Amino acid sequence: MSKLKVLVARAVFPEVIAKLEQHFDVTSNPADEPWSRAQLIGKMQGMTGVFTTGAERIDKELLAECPQLKICANMAVGYNNFDVDAMTAQGVLATNAPDVLTETTADFGFALLMATARRMTESEHYLRAGKWQRWSYDMFAGSDVHGATLGILGMGRIGQGIARRGAYGFGMKVIYHNRSRLDAATEGACKAAYVSKEELLKTSDHLVLVLPYSASSHHAIGAAEIAQMKPSANLINIARGGIVDDAALAAALRDRRIAGAGLDVFEGEPKVHPDLLTLPNVVLTPHIASATLPTRLAMANLAADNLIGFLTQGKPLTPLNPAVLTARP
Ligand code: GLV
């Protein structure tokens with residue numbers, strides 16, 4: 001029997017491709033060529049499964065062109081590149097890559113918080129530019145992390161990891177806001193108190209965004225929300241571009257209406273709002289919060305195991321629309 005066809009849209013670890021090749025006829029993209037949407041649709045013809053990375057948009061229009069498709073496996077925990085309703089309607093399974101990146105991503109969120117609060121990249125640029133001539137008492141004075149109030153918007157697994165780091169590692173007071181309140185045991189384990197969004201904005205010294213992107217979280221932080229923050233506060237976004245109104249944030253940073261920001265994700269990335277690029281009080285990183293090799297390998301393996309589990313046994317590991325499984329003939 002001929003093997004099912006699977007497309008891997010971006011370059012990934014050769015050992016993951018080799019594992020997929022044990023089960024499928026794999027078309028991969030080892031040179032990591034940028035495919036246009038039309039090229040992606042062309043490559044997807046006849047494919048039963050596709051391994052995506054978060055950059056490939058899977059929507060109704062694409063699905064209509066790919067009638068043989070049965071599964072899209074995202075190598076990302078976020079899946080705002082998927083129209084899950086359209087996938088369910090067409091009987092296409094969607095999977096993401098949760099859990100394996102939680103601690104790595106929480107580490108990075110905390111690193112970005114610290115780099116922002118302590119002005120690490122701004123001061124490094126100063127030093128590299130040869131401007132450091134002598135010590136002065138207030139040179140690059142930042143804000144304390146230990147003992148400060150850590151606010152978290154979006155208290156899923158990664159948010160909880162950041163809360164634990166703040167509470168146990170740095171003696172921070174942790175407050176959070178989420179669509180639904182956590183149970184008492186989880187709040188206790190994170191030493192985190194539930195507050196309204198307004199209270200979160202007003203009282204956080206460092207506000208970390210970890211909520212999923214959707215139409216309802218678009219510009220969850222815009223000019224009106226930033227205006228409620230303390231002038232000494234820092235805003236950290238490791239969630240998704242589009243959750244913050246980057247133009248409004250750039251204006252607030254320029255006018256010092258808040259102290260600083262640390263951003264790993266951007267509206268329209270890899271493009272970055274040009275004003276952000278010129279400001280000293282923002283730390284900018286290119287969407288690397290989950291980027292350690294062991295974690296990226298675990299994410300790639302999970303996406304591959306979803307393809308293998310579903311297409312060989314009907315058993316994916318992390319389905320997003322399990323209704324597709326029960327609806328199957
Ligand atoms: C990264 O942004 C992810 O969603 O895994």
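All ligand and atom numbering here is 1-based and tracks the order in the structure. Bear in mind the structure is a predicted one, so any value in this text is a computation, not a measurement.
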Between Asn237 and Asp264, does any side-chain donor sit less than 3.5 Å from a side-chain acceptor? no
His287 near ligand 1 by a heavy-atom separation under 4.0 Å: yes
Between Lys19 and Asn301, do the side chains contain an N or O donor and an N or O acceptor separated by less than 3.5 Å? yes
For Arg240 and ligand 1, does the shortest N/O to N/O distance drop below 3.5 Å? yes
So, for Tyr194 and His177, is the gap between ring centers shorter than 6.0 Å? yes
Numbered in order shown, the ligand 1 atoms found under 4.0 Å of a heavy atom of Met299 are 5 (O)
Using distance alone, determine whether Val77 and ligand 1 share an N or O pair under 3.5 Å. yes
Asp183 versus Thr186, side-chain donor and acceptor atoms under 3.5 Å: yes
Keeping the roles fixed (side chain from Gln45, backbone from Ile41), state whether a donor-acceptor pair exists under 3.5 Å. yes
Between Leu101 and ligand 1, which part of the residue brings a heavy atom under 4.0 Å of the ligand: side chain, backbone, both or neither? side chain
Polar atom proximity, Gly78 to ligand 1 (N or O, under 3.5 Å): yes
